[in-house]
Amino acid sequence: MARRKKQKPPLTWKLLGAGTAIPAGIAVRKLSDAAWYAVRGTTPPKNPAAPGVGWGEALAWAAVSGVAVAAGRLVAARGAAAAYQSLTGKLPPGLNEGSP
């Protein structure tokens, strides 16, 4: 049984991925901090595991930041895929049309 050699993704795809992920990460952090401050009136905990942070606040911040990061990654990945497809006329490596 022959093994298939793993193909490396094109440089264009790598650059688009990083070019969308970095600004999305910065934006998500700023938006989640601002949302926390708007709702709670305090800055979010810098280290939720610190002894001075209550369980409720730590869990709430974990939930808020987790959802925000996941949504930001999704937006960045879809934006990069759309940009790659518009530049090259084909889907990025590893994505299938018609996948649910």
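What you are looking at is a predicted structure, and each value in this text was computed from that prediction instead of being measured. Quick note: numbers below take in every heavy atom, side chains included, and nothing from hydrogens, waters or symmetry partners. Start at 1 with the first residue, then count along the sequence.
- Between the CZ atom in R78 and the OG1 atom in T20 there is a gap of 13.0 Å [rounded to 0.5 Å].
- Among all heavy-atom pairs drawn from P10 and Y84, the shortest one is CG-OH, 3.5 Å.
- Judged as a ring-ring contact (aromatic ring centres under 6.0 Å, His included), the pairs with a partner in residues 22-44 (not counting sequence neighbours) are, in order, W36-W61.
- Contact annotation: the side chain of S32 never approaches that of P44 to less than 4.5 Å [non-hydrogen atoms, C-beta and beyond].
- In this structure, V53 and E57 approach most closely via the heavy-atom pair CG1-OE1, 3.9 Å.
- Taking the side chain as every heavy atom from C-beta outward, L87 and L16 approach each other to under 4.5 Å.
- What you find for P48 and P45 is that their closest heavy atoms are CD-O, 4.2 Å.
- Not counting sequence neighbours, the partners of R29 by the salt bridge (charged side-chain N to carboxylate O under 4.0 Å, His left out) test are D33.
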